[in-house]
Amino acid sequence: QVQLVESGGGLVQAGGSLRLSCAASGRTFSSYSMGWFRQAPGKEREFVAAIRWGGIRTYYPDSVKGRFTISRDNAKTTVYLQMDSLKPEDTAVYYCAADSDIIPGRLPNEYNYWGQGTQVTVSS
């Protein structure tokens, strides 16, 4: 069982930066791949980033590649999402999730556990 709690969301102007954190409970955190997703009003949940348990391999969709960076600290059981050069279209609720597979998925139904989400709003 893994419990996830996101933090770090807020309001930022376009071009600004935010760093999201996801604190995980459970001593098996290091065995999970971790992902970030986002969901805007009226839209489906969208893959944003993922990282393997070792913290080396990372995955991004083209929409955020070069602007977002996912990282993890297994000793602190925390995963981060550094978001730079933010755009109004990045506005959404951001969720972190845990995937028991070695290679993290890009679809929400591939993840086993979810946090409650944190709101990110980017003003133009």
[X]: partners by salt bridge (Lys or Arg N to Asp or Glu O under 4.0 Å), with sequence neighbours left out:
X     : answer
Arg67 : Asp90
Glu89 : none
Arg45 : none

Heavy-atom closest pair, residues [X] and [Y]:
X      : Y      : value
Gly8   : Leu18  : O-CD2, 3.9 Å
Ala50  : Gly105 : CB-O, 4.5 Å
Leu81  : Ala49  : CD1-CB, 4.0 Å
Arg106 : Tyr60  : NH1-O, 3.6 Å

Within 6.0 Å of CG in Leu107, more than 12 heavy atoms from elsewhere:
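More than 12 heavy atoms, drawn from other residues, nucleotides or ligands, come within 6.0 Å of this atom.
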Taking atom CD of Gln3 as the centre, does the number of heavy atoms from other residues, nucleotides or ligands within less than 6.0 Å exceed 12?
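Check fails, neighbour count at 12 or below.
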Between [X] (side chain) and [Y] (backbone), is there a donor-acceptor pair under 3.5 Å?
X     : Y      : result
Thr91 : Thr121 : no
Ser33 : Asp101 : yes
Asp73 : Ala75  : yes
Thr77 : Ala24  : yes
Glu6  : Cys96  : yes

Pairwise distance OG(Ser123) to CG(Leu86) - rounded to 0.5 angstrom
10.0 Å
State the CG-CD distance between Asn112 and Gln1, to the nearest 0.5 angstrom.
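These two atoms lie 10.0 Å from each other.
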Joint cluster assignment, [X] & [Y], ILVMFWY side-chain distance < 4.5 Å:
X      : Y     : answer
Trp114 : Val79 : no
Tyr59  : Ile51 : no
Met34  : Trp53 : no
Tyr111 : Ile70 : no

Look at the rings of Tyr94 and Phe68 and say which category their plane angle falls in: under 30° parallel, 30 to 60° tilted, over 60° perpendicular.
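Geometry flag for Phe68 against Tyr94: tilted rings.
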With a 6.0 Å cut-off on ring centres, are Phe37 and Phe47 close enough?
yes
Got Arg38 and Val64 here, is their nearest side-chain heavy-atom distance under 4.5 Å?
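Result yes, sub-4.5 Å side-chain heavy-atom pair found.
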Taking the side chain as C-beta and beyond, is there a heavy-atom pair between Leu11 and Gln119 under 4.5 Å?
no
Please confirm whether Arg72 makes a cation-pi placement over Phe29, using NZ or CZ under 6.0 Å from the six-membered ring centre and within 45° of the ring normal.
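Yes, Arg72 and Phe29 form such a contact.
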What pairs meet the disulfide (SG to SG under 2.5 Å) rule with one or both residues in residues 54-85, with sequence neighbours excluded?
none
Which one of Trp36, Tyr80, Tyr95 satisfies the side-chain contact (heavy atoms from CB on, under 4.5 Å) criterion with Leu20?
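Going through Trp36, Tyr80, Tyr95 one by one, the side-chain contact (heavy atoms from CB on, under 4.5 Å) with Leu20 is satisfied by Trp36 alone.
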For residues 8-19, which residue pairs pass the side chain to side chain donor-acceptor pair (under 3.5 Å) check, not counting sequence neighbours?
Ser17-Asp84
Does Tyr32 have any side chain to side chain donor-acceptor pair (under 3.5 Å) partners at least two apart in sequence or in another chain, and if so, which?
none
